[in-house]
Amino acid sequence: MNSPAISHSLVKLEVGIVCFFLLYYFGVDVPPNISSALNLLSYPAIGLLILLRWKRVLYVMMQEYSLLLLHIVALLSFIWSAAPEVTENEIKALCRVALFGVYLAARFSLKEQMKLLTSILAVSLVASLIAVVLFPSYGIHTADALAGSWKGIFIFKNLFAYMMATSGLLFLLILFNRQKQRSLFLVLLGLSIMALLGSQGRTALAAFILIVATIPAYWFLQQHYKLRVLYFIGGILVSSTAAVLLIANLEFVVVDLLGKNLELNGRFPIWSLMLEQAWKSPWLGYGFAGFWTSDASDPIFSLSWASLAREAGVRFNSHNGYLELLLQLGLVGLTLFTISLLSLIGKAIYLLLRVKTLELFWVLQTIFLMTLLNIADSIGILAVNSQWSLYISFSLAVALQYNRVSRRQTQPKPVLN
């Protein structure tokens, strides 16, 4: 076999490894023994991928200091952790997914990442529907509280709903902007919406609908400057009217449409208890993975329905990604993440106004979906999963592109004699 053929095969193998671990760490439900084996295998596999491009990885890692500092705080949190043994053990997994995210940004452009995610989400969608139809005991929840809710190949229904909302948004964007294979993506979009409805994840469904409503903004960006001003004013008026109607009909939206009570199914009372505990260690929190695994969480378990999770042997979480981060790394961690998030959104909007590429709009939609869902769930923020790897990859890839565009604009133009 000649050298080009070997190189081509190695590239395919590299992409295959990336796709496999991205899909697995999205939260695929596998038996514990297989999960343990894959977790052990992931360290040398991802380590080798990073080693092949270690110089580029180091360079990319330095593009967002707030994100780097957030991980340094998490790494050092074993010093003050309420459960130092748990923190020391689980910080290794966080480092793995974080470095995997840096590798993704170093290896793939945003356009290439969009292509990878299209394939991965299509595979997960089809596999999930097969599981629901042919293996319902695996693909559908059977527990009393969640009975009948689809979870596909994923661990639980809210994660499945999040993945289906993500795939629906991606397939819809591609459908609007691709002339070829439109029938295929129309089918994939329809299946994603069907799966999202089957999950009974109403929060994800509401977030999906809200973000779909922003798709005309991409068309708006293609217009002439004067038309953009008029459309912007119109958008502000429509958004303001919608906000007033939402506030005036809050009970109808939350109770009748989302199927929750005004306390978000008991979340508000438990969040109040969590805030009380958070203010006892406000600056640095209880350490990464250190709150729910320590005695610091006992007052919450003794005074709320969270005790049901402990009785079932399941680690509880805040059902709010921002509050979870506050409990783990305090105001320092929450501030660093907020700076990182605002930096990502600001740079992506800046670039979108100038280069108007579909992948930048996709990044913004995906990030907005994550920020909305983390209001009522803990998915992706400083977590040991692919959602966090993608957030890191998006942040660094956008920062790289932003720096390139900024340098070009600050370079002096040649003077013609």
Side-chain angles (χ1 to χ4, degrees), residues 11 14-15 17-19 21-22 25-26 39 42-79 87-88 90-114 116-117 284 288-289 321 325 328-329 332-348 350-351 359-360 363-364 366-367 370 380-408:
V11 168
E14 179 185 18
V15 173
I17 293 172
V18 169
C19 289
F21 281 109
L22 262 178
Y25 283 113
F26 272 130
N39 286 336
S42 68
Y43 287 100
I46 294 174
L48 179 60
L49 292 176
I50 292 169
L51 188 61
L52 292 173
R53 291 177 171 79
W54 66 273
K55 290 184 179 179
R56 175 69 174 170
V57 166
L58 285 176
Y59 171 74
V60 170
M61 188 186 299
M62 304 303 294
Q63 299 304 304
E64 278 291 345
Y65 289 113
S66 57
L67 204 53
L68 180 61
L69 286 173
L70 176 61
H71 287 86
I72 291 174
V73 171
L75 183 63
L76 295 176
S77 68
F78 76 91
I79 298 172
T87 299
E88 287 181 23
E90 298 203 8
I91 201 69
K92 294 181 292 185
L94 178 65
C95 290
R96 175 190 59 204
V97 299
L99 287 171
F100 190 38
V102 179
Y103 161 80
L104 290 174
R107 171 64 177 83
F108 302 101
S109 67
L110 285 175
K111 189 172 184 178
E112 290 169 332
Q113 290 183 50
M114 190 175 182
L116 282 178
L117 264 292
L284 293 173
F288 181 73
L325 182 56
Q328 293 192 64
L329 300 181
V332 170
L334 185 59
T335 300
L336 288 171
F337 172 73
T338 302
I339 293 171
S340 165
L341 179 63
L342 293 177
S343 174
L344 168 56
I345 294 173
K347 289 175 181 176
Y350 173 88
L351 289 169
E359 53 268 22
L360 282 166
V363 165
L364 280 171
T366 306
I367 293 302
M370 185 196 79
I381 296 179
L382 203 70
V384 291
N385 54 38
S386 289
Q387 287 85 357
W388 186 242
S389 293
L390 282 179
Y391 176 82
I392 292 172
S393 180
F394 288 167
S395 296
L396 297 176
V398 167
L400 285 169
Q401 190 171 347
Y402 175 83
N403 292 337
R404 285 197 298 268
V405 171
S406 298
R407 282 196 297 268
R408 283 201 299 267

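The shown structure was predicted, so the numbers you read here are calculated from the model rather than taken from an experiment.
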*Let me know which of Leu390, Val384, Asn39 forms a side-chain contact (heavy atoms from CB on, under 4.5 Å) with Tyr25.*
Asn39

*Should Phe100 and Ser42 count as side-chain neighbours, where that means a heavy-atom distance under 4.5 Å?*
no

*With distance as the sole test, does Gln401 use its side chain to make a donor-acceptor pair with the main-chain N or O of Ala397 at under 3.5 Å?*
no

*Would you call the rings of Phe108 and Tyr103 parallel, tilted or perpendicular, where under 30° means parallel and over 60° means perpendicular?*
perpendicular

*For Tyr402, all residues meeting side chain to side chain contact (heavy atoms under 4.5 Å, CB included), sequence neighbours excluded*: Lys347, Tyr350, Leu351, Ser406

_Contact between Ile381 and Phe337 at the side-chain level, heavy atoms closer than 4.5 Å - yes or no?_
yes

*Can you name the one residue among Ile392, Leu99, Leu22 that meets side-chain contact (heavy atoms from CB on, under 4.5 Å) with Leu104?*
Leu22

*Leu284 side chain near Ser77 side chain, heavy-atom distance below 4.5 Å*: no

*Can you tell if the side chain of Leu329 reaches within under 4.5 Å of the side chain of Leu70, non-hydrogen atoms only?*
yes

_Main chain of Leu341, side chain of Tyr391: is a donor-acceptor contact present, judged purely on distance under 3.5 Å?_
yes

*Excluding sequence neighbours, so at least two apart, what forms side chain to side chain contact (heavy atoms under 4.5 Å, CB included) with Val60?*
Arg56, Val102, Ala105, Ala106, Leu396, Leu400

_Flag, side chain of Ser389 to backbone of Val97, donor-acceptor distance under 3.5 Å_ = yes

*Taking Thr87 for its side chain and Phe288 for its backbone only, find out whether a donor-acceptor pair lies under 3.5 Å.*
yes

*Is there side-chain contact between Ile345 and Leu364, with at least one heavy-atom pair below 4.5 Å?*
yes

